[in-house]
Amino acid sequence: SGVAWAGVDIGGFFDDCNGELLARWTEFGVFQPFCRNHSMKETIHQEPWVFGEPYESVCRKMIKLRQRLLPYLYTLFEECHRTGAPILRPLLFEYPEDETTCNADDEFLLGSALLVAPITRPGIEHRHVYLPQGTWFHHWTGERFDGPAHILARAPLGEPALYFRANTAVPMWPEMNHVGERPKDPLTLLLYSTEGSGESVLYEDAGNGFGYERGEYACRSVVCEVLSGGISVRLNEREGSFVPERGSVHLELIGVNTRPGSVLTNGEEADWEYEEAAGSITVRLEESASETTVEVRVQNLSDLL
């Protein structure tokens, strides 16, 4: 408690690791605030490439996912700095009224939007997951679950049980191997939509130095409302004097069964595309400090997952 910059030694510090253990541990470790592969002297080397395939590819896939999630993690760090809220959270932190969460000690929340239930035993591809109140979407399949619910989750190697909370935008960078490899453009706001509403925050600054103390930061909230006529996503006015170095923001809405009748940005036809197989809409927006509203109009609420 109170020490947010923390994480375990991925692969284990004592004794020798193996490929499956390292891959599964990486599936858990990339969601910790502090993430590193580390072991003691006289143990075998445990870099991902030591164990070959499929373990090397699993570790690469998970580390790249963490790289994409860095703007979400950075926002959580700012919240922790400002309020003391932990980054990696037990379920009971967000759902104290739910007695079931008091015993949920083998799954956790990363912030309030992501729920992670790692595999912790060898040779296992399924596990029990408890999903608290709300609607959750399985990251790899897009399957929807309404909590509170006990489910049996399939989690093959490389696809840990990872769930996104509905109507909560998660900011993501483009895929890159390391920070600075390429411009952080566009920023993607990944949002699984269903009936109801939700709100999230995006915080950004220079990433180094103390300019944020002089107002050199950018902070904005993202509000999603799903009504009978469709989906409304509002990017509220950006606060602070920091200007992100990018030209565009992509709003990726997942959970749309049918091609929408229209998609509008601030009342005008948007630049968008629909992927039927994924049930997703991508709306391309220009980076702007002003309030921006995106409206996705559907004929029936049943058109949404």
Side-chain angles (χ1 to χ4, degrees), residues 8 10-12 17-32 53-55 57-66 68-69 72 88-168 170 190-196 198 226 252-257 277-280 302 304-305:
V8 303
I10 293 174
C17 190
N18 61 52
E20 183 188 8
L21 177 60
L22 181 67
R24 287 302 196 186
W25 209 314
T26 303
E27 290 176 354
F28 157 54
V30 296
F31 298 106
Q32 297 178 120
E53 297 295 350
Y55 312 114
S57 291
V58 170
C59 292
R60 180 188 298 110
K61 176 181 179 181
M62 299 311 301
I63 293 169
K64 284 191 173 185
L65 175 60
R66 179 184 176 87
R68 292 207 68 197
L69 286 170
Y72 176 67
L88 189 146
R89 304 171 181 177
L91 271 60
L92 62 86
F93 182 85
E94 292 285 340
Y95 303 92
E97 72 289 345
D98 184 345
E99 294 183 0
T100 303
T101 65
C102 296
N103 295 318
D105 60 0
D106 63 348
E107 56 184 277
F108 60 92
L109 294 164
L110 180 62
S112 62
L114 302 184
L115 186 149
V116 184
I119 294 288
T120 57
R121 291 187 293 170
I124 301 297
E125 288 196 347
H126 294 79
R127 61 153 291 165
H128 162 266
V129 176
Y130 177 71
L131 297 174
Q133 182 69 37
T135 300
W136 301 86
F137 286 86
H138 188 271
H139 176 58
W140 310 106
T141 66
E143 187 176 2
R144 167 185 168 157
F145 298 91
D146 293 317
H150 296 270
I151 64 172
L152 180 63
R154 181 174 181 269
L157 201 64
E159 295 186 2
L162 171 62
Y163 299 86
F164 282 61
R165 191 165 73 167
N167 299 333
T168 307
V170 174
L190 182 61
L191 202 158
Y192 289 81
S193 56
T194 188
E195 67 274 7
V226 181
E252 186 174 343
L253 295 165
I254 301 178
V256 184
N257 282 324
S280 68
S302 60
L304 304 178
L305 291 176

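- Here the closest heavy-atom approach between residue C59 and residue A23 is recorded as SG-CA, 4.0 Å.
- Taking the centre of each ring, Y163 and Y192 stay at or above the 6.0 Å mark.
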Which atom pairs, donor and acceptor, lie under 3.5 Å between side-chain atoms of residues 113-126 and protein residues at least two apart or in another chain?
none

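- Atom-to-atom distance recorded for K64:NZ and L69:CG is 14.5 Å, nearest 0.5 angstrom.
- Between L157 and P54 the shortest side-chain heavy-atom distance falls below 4.5 Å.
- When all heavy atoms are compared, the tightest approach of M62 to P160 is CE-CG, 3.8 Å.
- Note: L191 CG to R165 CZ = 11.5 Å, rounded to the nearest 0.5 Å.
- The closest side-chain heavy-atom distance from I151 to F145 is below 4.5 Å.
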>> With side chain to side chain contact (heavy atoms under 4.5 Å, CB included) as the criterion, how do R154 and T141 come out once you've worked through the C-alpha distance, each side chain's angles and the decisive distance to 0.1 Å?
In response: CA-CA 10 Å; R154 181 174 181 269; T141 66; over 6 Å; no

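- Relative ring orientation between H139 and F164 is described as parallel, the plane-to-plane angle staying below 30° on a 0-90° scale split at 30° and 60°.
- In this structure, the separation between CZ on F93 and CG on L91 is 12.0 Å, given to the nearest 0.5 Å.
- Across all non-hydrogen atoms, the minimal contact from E159 to E27 is N-OE2, 3.9 Å.
- Counting heavy atoms of neighbouring residues, nucleotides and ligands inside a 6.0 Å radius, atom CD of E97 exceeds 12 of them.
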>> Applying side chain to side chain contact (heavy atoms under 4.5 Å, CB included) to R144 and T194, what does each step give before you reach the verdict?
In response: CA-CA 9 Å; R144 167 185 168 157; T194 188; 2.5 Å; yes

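- With rounding to the nearest 0.5 Å, the separation of OG1 in T101 from OH in Y130 is 7.0 Å.
- Proximity of a side-chain donor or acceptor of E20 to a complementary backbone N or O of R24 within less than 3.5 Å is not detected.
- Between atom CG of residue L162 and atom CH2 of residue W136 there is a gap of 10.5 Å, rounded to the nearest 0.5 Å.
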>> Test side chain to side chain contact (heavy atoms under 4.5 Å, CB included) on W25 and V8; report intermediate values, then the result.
In response: CA-CA 10 Å; W25 209 314; V8 303; 3.3 Å; yes

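- Interatomic distance, F108 CZ to L92 CG, rounded to the nearest 0.5 Å: 14.5 Å.
- Closest non-hydrogen pair, W140 versus K61, comes out as CZ3-CE, 3.5 Å.
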>> Using the rule given for side chain to side chain contact (heavy atoms under 4.5 Å, CB included), can you reason through S280 versus L253, listing the C-alpha separation, both sets of side-chain angles and the distance that settles it, and then say yes or no?
In response: CA-CA 5 Å; S280 68; L253 295 165; over 6 Å; no

